[in-house]
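As structure tokens, the structure follows; a few thoughts come after it.
Letters go in sequence order (proteins before strands), and every chain restarts at 1.
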Number of protein chains: 2
Amino acid sequence: MVTKQVNGAYDDADLRRADSLAREIFSDVANKWALLIIEAVGERTLRFTELRNAVEGISHKMLTQNLRMLERNGLLVRTVYPTVPPRVEYSLTEPGQALRKTVDVMCDWTQRHLGHIEAARHRFDA
Amino acid sequence: MVTKQVNGAYDDADLRRADSLAREIFSDVANKWALLIIEAVGERTLRFTELRNAVEGISHKMLTQNLRMLERNGLLVRTVYPTVPPRVEYSLTEPGQALRKTVDVMCDWTQRHLGHIEAARHRFDA
DNA sequence: CAGAATCCTCTTTGATACTG
DNA sequence: CAGTATCAAAGAGGATTCTG
């Protein structure tokens, strides 16, 4: 936690810690699978298998790993129902929802620039 | 290019192509280094070495690779001045600028949720 | 069903050296 | 200065097996 000094300034060491924490979070979150999972969950509550089907091309292992990471960072919550067979549900927290909004914008951006990018690629590859 | 049929519907094959193109672009762009580079360039025009210093921790090789990829996708332009020694400048295109805006939002998000995330981590690790 | 653990493969990455 | 090439190390990722 970055704490303010009585004089109103931040402690240098705290600022550096906050900075490296920010970079760490950014590295966690700015990756394909994490963002696709967040996008897939959306406002719903999905089970592991549903998620596996929703995120095209993700493997069992990658899904588990990324779900743990997102849970650890408090972006989603994991609810286990102690039934047989087990039932586990995932849903976004408020910060997760907030991040999803920016992912939505990124998806929009992709769609809007599909043509431009395809053209640029052809030019470059020539 | 996705073309509309005379009946107003899209060709299935074209839709599939557009979809896989979108996934490809998303995979290119949704990675740590690409986003950090886009953020670093901003509205400025930077030389290779300036960029290397601006993006904390990136290696020579990763910078080159990602710059090529971003150029290929038309997100930035590379201008070579035929001097000795060579001078190469990078700046964002309009689509690159548009993407940068969403990266900005993502950075804001990170800053705003630093505390929540750090707390969540401590809870999880316990 | 969800997931942990293992093994194995392929890609990514960094360090280093070389070129125009 | 900017970029390419190469090699070794590290890490990501897939397939499979086992458990509660």
Side-chain angles (χ1 to χ4, degrees), chain A residues 20 23-38 40-41 44-73 75-92 124-126, chain B residues 20 23-38 40-41 44-73 75-92 124-126:
Chain A
S20 85
R23 263 185 257 116
E24 214 179 300
I25 294 169
F26 194 86
S27 298
D28 271 2
V29 154
N31 95 57
K32 180 181 153 186
W33 291 133
L35 295 184
L36 286 176
I37 289 171
I38 288 172
V41 178
R44 296 171 294 173
T45 292
L46 292 182
R47 300 183 58 172
F48 186 88
T49 308
E50 294 172 325
L51 220 39
R52 180 123 159 63
N53 295 329
V55 181
E56 171 101 24
I58 197 167
S59 70
H60 188 112
K61 187 180 179 179
M62 283 303 97
L63 182 54
T64 315
Q65 271 185 18
N66 279 277
L67 284 174
R68 286 298 159 280
M69 181 272 284
L70 293 172
E71 186 193 358
R72 180 170 119 89
N73 286 320
L75 303 199
L76 52 75
V77 286
R78 176 169 172 272
T79 314
V80 183
Y81 298 92
T83 58
V84 179
R87 173 189 186 83
V88 181
E89 291 186 345
Y90 295 91
S91 58
L92 295 179
F124 186 92
D125 293 343
Chain B
S20 86
R23 268 198 298 276
E24 215 179 300
I25 295 169
F26 193 87
S27 297
D28 272 1
V29 154
N31 93 56
K32 182 182 152 186
W33 291 132
L35 295 183
L36 287 176
I37 289 172
I38 288 173
V41 178
R44 296 172 294 173
T45 292
L46 292 182
R47 300 183 57 173
F48 186 87
T49 308
E50 294 172 325
L51 219 38
R52 180 123 160 61
N53 295 328
V55 181
E56 170 101 24
I58 197 168
S59 71
H60 189 113
K61 187 179 179 180
M62 282 303 97
L63 183 54
T64 316
Q65 272 185 17
N66 279 277
L67 284 174
R68 287 297 161 279
M69 180 272 285
L70 293 172
E71 187 193 358
R72 180 170 119 89
N73 287 319
L75 302 198
L76 52 75
V77 286
R78 175 168 172 272
T79 313
V80 183
Y81 298 92
T83 59
V84 178
R87 174 188 186 82
V88 181
E89 290 185 347
Y90 295 91
S91 59
L92 294 181
F124 186 92
D125 294 343

Does D:dC1 have OP1 or OP2 under 4.0 Å away from a side-chain N or O of B:R52?
no

Please confirm whether the shortest side-chain N or O distance from A:Y90 to OP1 or OP2 of C:dC1 is below 4.0 Å.
no

Whole-Å distance, B:K32 NZ to C:dG14 C1', equals 13 Å

Calculate the interatomic distance between A:L63 atom CG and D:dA12 atom P; express it in whole Å.
17 Å

Test side-chain contact (heavy atoms from CB on, under 4.5 Å) on A:N73 and A:D28 and set out the steps.
CA-CA 9 Å; A:N73 286 320; A:D28 271 2; 3.0 Å; yes

Would A:Q65 and A:M62 count as a side-chain contact (heavy atoms from CB on, under 4.5 Å) if you check the C-alpha gap in whole Å, the side-chain angles of each, and the deciding distance to 0.1 Å?
CA-CA 5 Å; A:Q65 271 185 18; A:M62 283 303 97; 3.3 Å; yes

Looking only at side-chain N and O atoms, does B:R47 come under 4.0 Å of OP1 or OP2 in D:dA2?
yes

When you match B:E89 and A:N66 each to their closest nucleotide on DNA chain D, which lands nearer the 5' end?
B:E89

Using whole Å, report how far CG of B:L46 lies from C1' of D:dC1.
15 Å

Whole angstrom is fine here: how far is it from CE in B:M69 over to P in C:dT13?
10 Å

Distance, rounded to the nearest Å, where A:L67 contributes CG and D:dG13 contributes P:
14 Å

Mind checking B:Y81 for me? I need base, sugar-phosphate or nothing, with any heavy atom below 4.0 Å counting as a touch.
nothing

Side chain of A:P86 - closest among D:dG3, D:dG20, D:dC7
D:dG20

Would you mind reading off the distance between A:I58 atom CD1 and D:dA12 atom C1', rounded to a whole angstrom?
13 Å

Give the nucleotide from the list D:dG20, D:dG3, C:dA4 with an atom nearest to the side chain of B:R78.
D:dG3

Calculate the interatomic distance between B:E71 atom CD and D:dG3 atom C1'; express it in whole Å.
13 Å

Within the structure shown, what part of the strands sits under 4.0 Å from A:R87 by heavy-atom distance: base, sugar-phosphate, or nothing?
nothing

Which nucleotide in D:dG3, C:dT13, D:dA15 has an atom nearest any side-chain atom of B:K61
C:dT13

Validation row: A:F48, A:T64 side chains within 4.5 angstrom (heavy atoms)
yes

Checking D:dC7, C:dG3, D:dG14 against the side chain of A:S59 (C-beta onward), the nearest is D:dG14

Heavy-atom distance under 4.5 Å between the side chains of A:I37 and A:L70, does that happen here?
yes

Checking A:N31 side chain against A:S27 main chain: does a donor-acceptor pair fall under 3.5 Å?
no

So does B:H60 reach the base of D:dG3 with its side chain, donor to acceptor, closer than 3.5 Å?
yes

Nearest to the side chain of A:M62, heavy atoms from C-beta on, is which of D:dG3, C:dA4, D:dG13?
D:dG13

What nucleotide, of C:dA4, D:dT4, C:dC1, holds the atom closest to the side chain of A:P85?
C:dC1

What nucleotide among C:dA4, C:dG14, C:dT13 has an atom nearest to a side-chain atom of B:Q65?
C:dT13

Length of the line joining B:L36:CG and C:dT13:C1', which is rounded to integer Å:
16 Å

Would you say the side chain of B:F26 lies within less than 4.5 Å of the side chain of A:L35, judging by non-hydrogen atoms?
yes

